[in-house]
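Computed over heavy atoms, backbone and side chain alike; hydrogens, waters and symmetry mates excluded. A note on names: the letters A, B, ... follow the listed sequences, proteins ahead of strands, and every chain is numbered from 1.
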Protein chains: 2
Amino acid sequence: MAKPTDTRTRILAVARELFAQQGVRETSLREIADRLGITKPALYYHFASREDLVRSIVEPMMDDIERFVAGRERHDGAEPAAAHDPRELLGDYFELAWRHRDVLVMVVRELPVLATLEVGDRFSSWRRRLILLLLGPDPAVAARIGATVALGGLSDCAVEYAHLPPEEVKGPAVEAAAAALGFPRP
Amino acid sequence: MAKPTDTRTRILAVARELFAQQGVRETSLREIADRLGITKPALYYHFASREDLVRSIVEPMMDDIERFVAGRERHDGAEPAAAHDPRELLGDYFELAWRHRDVLVMVVRELPVLATLEVGDRFSSWRRRLILLLLGPDPAVAARIGATVALGGLSDCAVEYAHLPPEEVKGPAVEAAAAALGFPRP
DNA sequence: GTCTATAATCGGATAGAC
DNA sequence: GTCTATCCGATTATAGAC
């Protein structure tokens with residue numbers, strides 16, 4: 001039953017590649033269709049609109065991050081515990097960013113284009129909640145700034161060193177992030 | 001001699017604001033003209049083309065960064081000394097990013113749109129040279145990763161905490177970056 | 001599922017009057 | 001310096017045949 005990759009999947013793959021290379025708004029449906037050797041109307045058979053295509057690419061990552069954050073928060077309404085081991089949380093966060101690094105580049109570089117999907121607000125929310133998990137409630141400004149350096153720096157690494165094997169990147173990246181957070185190397 | 005702000009300056013201000021808010025490619029000349037109460041052809045009296053307008057906004061920042069990096073490199077062809085105090089260099093770098101934080105957001109989010117200005121290549125070059133200044137020639141991968149966290153995190157802070165007074169942000173941000181680099185708090 | 005043909009819209013840019 | 005009017009190209013999207 002080796003389906004030779006159906007058209008919908010091939011469209012998604014080509015779109016992902018072009019969006020990452022030249023930007024979302026800078027890629028037209030014509031360009032995607034040409035690359036695949038089909039025509040524009042054929043795209044509309046598989047996706048209701050241009051926005052539907054974009055959403056189909058972005059949403060799996062968004063859902064994955066939402067699960068990541070929500071799964072580590074308390075659900076009983078009690079105060080969120082800062083009981084998370086920083087290195088473990090940062091390591092898991094690195095692997096998450098790494099898994100989605102292609103779409104991640106696209107998203108962080110194009111928040112304005114993706115405004116209709118409210119990507120910016122959701123990212124802010126996740127970062128706020130992650131800082132809460134790392135530092136506990138009401139952290140001082142200085143600690144929050146350290147956390148911003150740590151989390152922002154980790155995402156940058158997933159993008160910057162995408163050509164290296166992840167095992168080689170993860171360790172040093174997590175150590176640097178932990179140090180920025182105020183947990184220096186043992 | 002209180003010139004009531006000439007039109008060219010007003011155009012640049014409105015364009016900067018709209019570009020930062022909704023993206024470069026997502027802002028049309030019509031939108032800029034409407035906001036100013038003039039028409040599109042009037043824009044063309046002040047700028048030769050759309051690209052000329054974008055360039056006029058981005059270039060001052062680019063020149064400033066180039067001067068920053070070049071001014072700290074050795075010019076005699078000798079090996080680049082790693083003799084820079086990390087906290088001093090990081091602090092100056094923070095202030096640079098802070099000064100240009102509005103245009104900075106626009107640029108890092110829209111590398112694809114600005115491809116014709118070769119913004120991406122120039123940014124890569126600056127980061128590479130800064131890492132050289134911080135770590136000396138041929139740094140190990142782990143050290144480079146720490147530097148990526150440090151420099152990336154600093155830029156993020158200039159954007160993320162743009163609403164706070166810079167004196168409040170700079171200290172903690174530089175300390176976090178230095179720790180990520182491997183120079184822990186004394 | 002994919003095509004041809006086409007509608008409707010919007011973008012950047014120019015000519016020429018005032 | 002700013003306007004009206006206009007051109008040209010490209011884009012999203014749809015209708016209808018195969």
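Summarising the hydrophobic clusters (Ile, Leu, Val, Met, Phe, Trp, Tyr; side-chain heavy atoms under 4.5 Å, direct or chained), the residues clustered with B/Tyr45 are none. Side-chain heavy-atom separations under 4.5 angstrom define the hydrophobic clusters, and the remaining members of the one that includes A/Val159 are A/Val105.
A salt bridge does not link A/Arg25 to B/Glu110: none of the charged side-chain nitrogens sits closer than 4.0 Å to a carboxylate oxygen. A salt bridge does not link B/Asp63 with B/Arg67: every distance from a Lys NZ or Arg NE/NH1/NH2 to an Asp or Glu carboxylate oxygen is 4.0 Å or more.
Side-chain N/O atoms of B/Thr9 and B/Asp6 include a donor and acceptor closer than 3.5 Å. A donor-acceptor contact closer than 3.5 angstrom links the side chains of B/Tyr161 and A/Thr148.
Qualifying salt bridge (charged side-chain N to carboxylate O under 4.0 Å, His left out) partners for B/Glu95, counting only residues two or more places apart in sequence or in other chains: B/Lys170. Applying the ring pair (Phe, Tyr, Trp, His ring centres under 6.0 Å) criterion to A/Phe123, with sequence neighbours excluded, gives A/Trp126. A/Phe94 meets the ring pair (Phe, Tyr, Trp, His ring centres under 6.0 Å) test with A/Trp98; sequence neighbours excluded.
Applying the salt bridge (charged side-chain N to carboxylate O under 4.0 Å, His left out) test to residues at least two apart or on different chains, the pairs with a partner in residues 137-165 of chain A are A/Glu160-B/Arg127. Residue pairs meeting the salt bridge (charged side-chain N to carboxylate O under 4.0 Å, His left out) criterion with at least one partner in residues 171-184 of chain A, sequence neighbours excluded, are A/Arg87-A/Glu175. Judged as a side-chain hydrogen bond (donor to acceptor under 3.5 Å, both in side chains), not a single pair has a partner in residues 111-124 of chain A (not counting sequence neighbours).
The interatomic distance linking B/Leu29 (CG) with C/dG11 (C1') rounds to 8 Å, in whole Å.
Contacts between residues 33-53 of chain B and DNA chain C, defined by a heavy-atom separation under 4.0 Å, are made by B/Lys40, B/Pro41, B/Tyr44, B/Ser49, B/Arg50. For DNA chain C, none of the residues of residues 11-27 of chain B falls under the heavy-atom distance limit of 4.0 Å.
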*Under 3.5 Å for both distances, Watson-Crick or G-U wobble, that's the pair rule; now give the dot-bracket for DNA chain D, with | marking pairs to another strand and [ ] for crossing ones.*
||||||||||||||||||
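First and last contacts of DNA chain D with chain B, using any nucleotide atom under 4.0 Å from a protein heavy atom and ordered 5' to 3', fall at D/dG1 to D/dA5.
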